Number of protein chains: 2
Amino acid sequence: MADDDLRGLLDRHDLAGVQGWLDAHPPHVIADELARLDGTAAGVPFRLLDKDRALAVFEELEPVDQQAILAGLRDQAFRDLVEGMDPDDRARMLREAPAKVAKRVLAGLSAHERQMTAALLGYPAGSVGQIMTPEAVALPGQLTAGEALQAVRDKGAQAETVYTLPVVDAGRYLIGVTGLRDIVLSSPDRPVAELVDADVPRVSATDPAEQAARLMRETNTLALPVVDSENQLLGLLTIDDAVEVIEAADTEDVTRQAASGPWPGHYMAVSVWRLARSRAPWLVLLIVASVLTVNVLQVFEATLEAVTALALFIPLLVGTGGNAGAQAATSAVRAIAVGELRGSDLPAVIWREARVGLLLGAVLALVGLTVGTVLVGGDIAVVVGLSLVAICAWAATVGATMPLLAERLRIDPAVVSAPMVTTLVDATGLIIYFLIAHAVLNL
Amino acid sequence: MADDDLRGLLDRHDLAGVQGWLDAHPPHVIADELARLDGTAAGVPFRLLDKDRALAVFEELEPVDQQAILAGLRDQAFRDLVEGMDPDDRARMLREAPAKVAKRVLAGLSAHERQMTAALLGYPAGSVGQIMTPEAVALPGQLTAGEALQAVRDKGAQAETVYTLPVVDAGRYLIGVTGLRDIVLSSPDRPVAELVDADVPRVSATDPAEQAARLMRETNTLALPVVDSENQLLGLLTIDDAVEVIEAADTEDVTRQAASGPWPGHYMAVSVWRLARSRAPWLVLLIVASVLTVNVLQVFEATLEAVTALALFIPLLVGTGGNAGAQAATSAVRAIAVGELRGSDLPAVIWREARVGLLLGAVLALVGLTVGTVLVGGDIAVVVGLSLVAICAWAATVGATMPLLAERLRIDPAVVSAPMVTTLVDATGLIIYFLIAHAVLNL
């Protein structure tokens, strides 16, 4: 699709070429390319877009990029843009914006839009309330399908979606939801009350957004009704926002798995300093933890001096233990994330993973024995083989246990990253190795 | 919500209790609990569900669990269930089913359903064609909005969705799409042709499903039209299927990151053998690759015998290099997965990551120097510090480069897992360490 010619056109100050490029590409491709430029550079092509396309492109940008674009706009264009955004997208951007930008945005809004945005901003970080749309078409339960269709025609233009229609009673308490499909397909005089699905899961505005998003995935719904603690309707959580939540959560999990934080914005646009800062804290923590391996080896320094060949297998053993631990930890973290595992499964998981680790260790021991015999011969090969069995069983068990323990302690299991498990298993693996060496070699 | 009492009730053969539990829980919770049981045990509660709820629960199960349930059903119940499934879900299950089950399913279907299912089964693995729904309500472009609404009423009952409506010309060639919302909100005599969004991305039935799903996420669409190579409409890719594709792709990426394959079905239900089998091939590959570290250390064995203290820092250096490499690799794999990086970015990425690695190495060198000085003193501490700088820069560069190279070679970048990078960096890191030791210690 797009290649790098937008940047090329900009570098050559070929504005006619830029205009042509913009006309030839759909909004999501334009947004992709703008995200790769830095904020100031992105402002030039953005200002060449007409009003409707500008909004379409703007809505597909990440909050950091949106702020950069906004900073370069004059008042009228600025106001058109923020007024045109959906309240939930606007709140999302404001939450990450510096106070100066946020003030300017709120000041530029109509009273109605400002009120909706302010309400969303009040919900806790990562909650459903922050990403729901307050603009749902709520149907009173006593309407007929024909009247409901008319209500959608009257009030649907402002709503983010009219496909999921919450049904409420006189006090705006949620009865259930129906769909525009059911309204359209049923005979006009049928009461809406007969078309209500009262079993649909409802989420609270203070529920974690990721949990609600995964529930939507599981139940294949396009929108879930959001209620307050009294069951009064507050809005709808729509699938497009849920998908973004799932993708962002998965990105966070993936980067945490490698002991690194997520970074804001586009990989190619974020600065080298920022990337380093997202990784440095973990690396420092891990290197401090791995000083333990130096201590363990110091304890066995005499053994190493006597049998230097033992040192040859340290990276292989430590690496394999780390890999086995990382596999188990990652399986457990993912199973927790998608809802297959919970804290109470801990004993069952320990038992499963210990057996998996023993099986894997037995297979690897064959490789270790062979390699050891060829490279250094008999006794040390036996030590390596036995160590592999013990280290794998230990690593798989620890690896799967740590995320579940974190879950029980209400820490995000993804924090128990593969590198963390690896570092922990390294030191204990060395102890196992040298104890087995002492036993087998009669040291 | 649900706890483990379903299993408890089953263990006590308390069928009345099971019935009560089933009545008290919504379909997605029942599906979750059934997935945790093995196939035979799940059949008992499943047969207690009435027809409609049975279908709702069945649709939320994974294909492996669906097969296990089907195997235990008598003919009428079996036929009701498979006839009631959406064609794309049915095709998905059949693709993973043994030939005997697949035959029985196809034989039980009506001619119409069988034809649709067979068509979906013909598309390549992982393609859009496999998960699209062929049952879209296609509107001829010359209709008015009022006539279009009538067409939805006439044909919408069988369709999987009526919210996205493809608009076609006389030869069923795709013009664009419109939404039920636009049809409902516009005046009845307005031509559908005026409501068409012709810019909507269209996907080919042979396109990779993950790419199409991420495109839906980016463009916030509920359904994308699927066409053949001639631009004739074949069906719709709906958001619920796209979300499943994204989640499955992320699970695969996450597990691959830890050098492990995904496993079919629920973590708690899959056998220990199967889990071990999903991990063993990678572990064996990695241990064979890490024999290289043994070879490297053999080359420097004389150095190790002379200065045993050098051995003490091997796990720390190898571990830190692995962590830095894993961070960079994971960042790159994720940025490629969500579309932020492409093969042509390689030179820019190498330059970025080399600088990030140098920065990180400098920070870690301070820790290394301090620890080295305290534990073993002067010269070796300098060797450790310098090695950390060099190893970090090297590891970050290699880690980010490998996924991009894979992308260029059209291999899934996620195959370049953190453990693979780690293992590769281990051996080269040791060479760097000993070369620096030789230089600094004048060996």
Side-chain angles (χ1 to χ4, degrees), chain A residues 26 28 153 156 162-163 181 185 199 217-220 239-240 243 250-251 254-255 257-258 260 266-267 272 275-276 279-280 283 286-287 290-291 293-294 297 304-305 308 311-312 314-316 318-320 323 326-327 330 334-335 340-341 352 355-356 359-360 363-364 367 371 375 418-419 426, chain B residues 26 28 153 156 162-163 181 185 199 217-220 239-240 243 250-251 254 257-260 266-267 272 275-276 279-280 283 286-287 290-291 293-294 297 304-305 308 311-312 314-316 318-320 323 326-327 330 334-335 340-341 352 355-356 359-360 363-364 367 371 375 418-419 426:
Chain A
H28 73 275
R153 289 197 164 117
V162 295
Y163 296 143
R181 174 188 186 136
L185 292 184
D199 269 348
R217 207 278 301 158
E218 263 189 88
T219 55
N220 291 342
I239 183 75
D240 55 324
V243 178
D250 286 347
T251 296
V254 169
T255 50
Q257 279 290 298
S260 162
H266 195 290
Y267 173 83
V272 166
L275 268 186
R279 298 183 193 167
L283 278 185
L286 290 170
I287 201 175
S290 75
V291 170
T293 61
V294 183
L297 288 178
L304 271 178
E305 267 174 37
T308 314
L312 306 183
I314 290 178
L316 181 141
V318 158
T320 302
N323 292 339
Q327 287 182 334
T330 306
R334 186 65 186 170
E340 289 184 358
L341 270 187
R352 287 178 80 79
R355 285 177 297 158
V356 173
L359 272 172
L360 292 172
V363 174
L364 296 179
V367 181
V371 171
L375 294 181
D426 280 358
Chain B
H28 72 275
R153 289 196 164 119
V162 295
Y163 296 143
R181 174 187 186 140
L185 293 184
D199 269 348
R217 207 277 301 156
E218 263 189 87
T219 55
N220 291 341
I239 184 74
D240 56 324
V243 179
D250 285 348
T251 296
V254 170
Q257 279 289 300
S260 163
H266 196 289
Y267 174 83
V272 166
L275 267 187
R279 298 182 191 168
L283 278 185
L286 290 170
I287 201 174
S290 73
V291 170
T293 62
V294 183
L297 289 177
L304 271 178
E305 268 174 36
T308 313
L312 305 183
I314 290 178
L316 181 140
V318 157
T320 303
N323 292 339
Q327 288 182 333
T330 306
R334 187 63 186 172
E340 289 184 358
L341 270 187
R352 288 178 80 79
R355 286 177 297 158
V356 173
L359 274 173
L360 293 172
V363 174
L364 296 179
V367 182
V371 171
L375 293 182
D426 280 357

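Here is the naming used below: chain letters follow the sequence lines, and residue numbers restart at 1 for every chain. All figures in this text were calculated on a predicted structure; none of them were measured in a lab.
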Using heavy-atom distances under 4.5 Å, tell me whether [X] contacts chain B through its side chain, its backbone, both, or neither.
X      : answer
A/I314 : side chain
A/I239 : side chain
A/V356 : both
A/I287 : both
A/V294 : both

Closest approach of A/Q327 and B/R279, non-hydrogen atoms and distance?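 So the minimum-distance heavy-atom pair works out to OE1-CB, 3.1 Å.
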
How close do B/L359 and A/A276 get, counting heavy atoms only, and between which atoms?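 Minimum heavy-atom separation between B/L359 and A/A276: CD1-CB, 4.0 Å.
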
So which residue, B/D240, B/V367, B/L316, ends up with the most heavy-atom pairs under 4.5 Å with chain A?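 Among B/D240, B/V367, B/L316, the one with the most close pairs to chain A is B/L316.
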
Counting heavy-atom pairs under 4.5 Å with chain A, which one of B/L297, B/L312, B/L185 comes out on top?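 Heavy-atom pair counts peak at B/L312.
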
For B/R352 and A/Y267, indicate whether the former's side chain and the latter's backbone hold a donor-acceptor pair under 3.5 Å.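 Yes, the answer is positive, given that a donor and an acceptor are paired below the 3.5 Å cut-off.
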
So does B/V162 get a backbone contact from the side chain of A/Y163, meaning a donor-acceptor N/O pair under 3.5 Å?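 No; judged by distance alone, with no hydrogens or angles, the pair does not exist.
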
CG on B/L286 to CG on A/N323, rounded to 0.5 Å: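 Nearest 0.5 Å value for the CG-CG distance: 5.0 Å.
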
Enter the distance from A/T219:OG1 to B/H28:NE2 here, rounded to the nearest 0.5 Å.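 The distance works out to 6.5 Å.
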
Measure B/V272 against the heavy atoms of chain A and call it side chain, backbone, both or neither at under 4.5 Å.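 Both the backbone and the side chain of B/V272 come within 4.5 Å of chain A.
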
Selection from A/L364, A/T320, A/D199, A/V318 maximising heavy-atom pairs under 4.5 Å formed with chain B: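 Most pairs with chain B among the choices: A/L364.
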
Can you tell which of A/V291, A/L304, A/D426 has the highest number of heavy-atom pairs within less than 4.5 Å of chain B?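 The option with the most such pairs is A/V291.
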
Taking side chain as C-beta onward, heavy atoms only, is B/V363 less than 4.5 Å from A/L283?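 No - every pair of side-chain heavy atoms lies 4.5 Å or more apart.
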
In sequence, state the C-alpha distance, the side-chain angles, and the governing distance for B/R334 and A/D250, and then conclude on side-chain contact (heavy atoms from CB on, under 4.5 Å). CA-CA 9 Å; B/R334 187 63 186 172; A/D250 286 347; 3.8 Å; yes

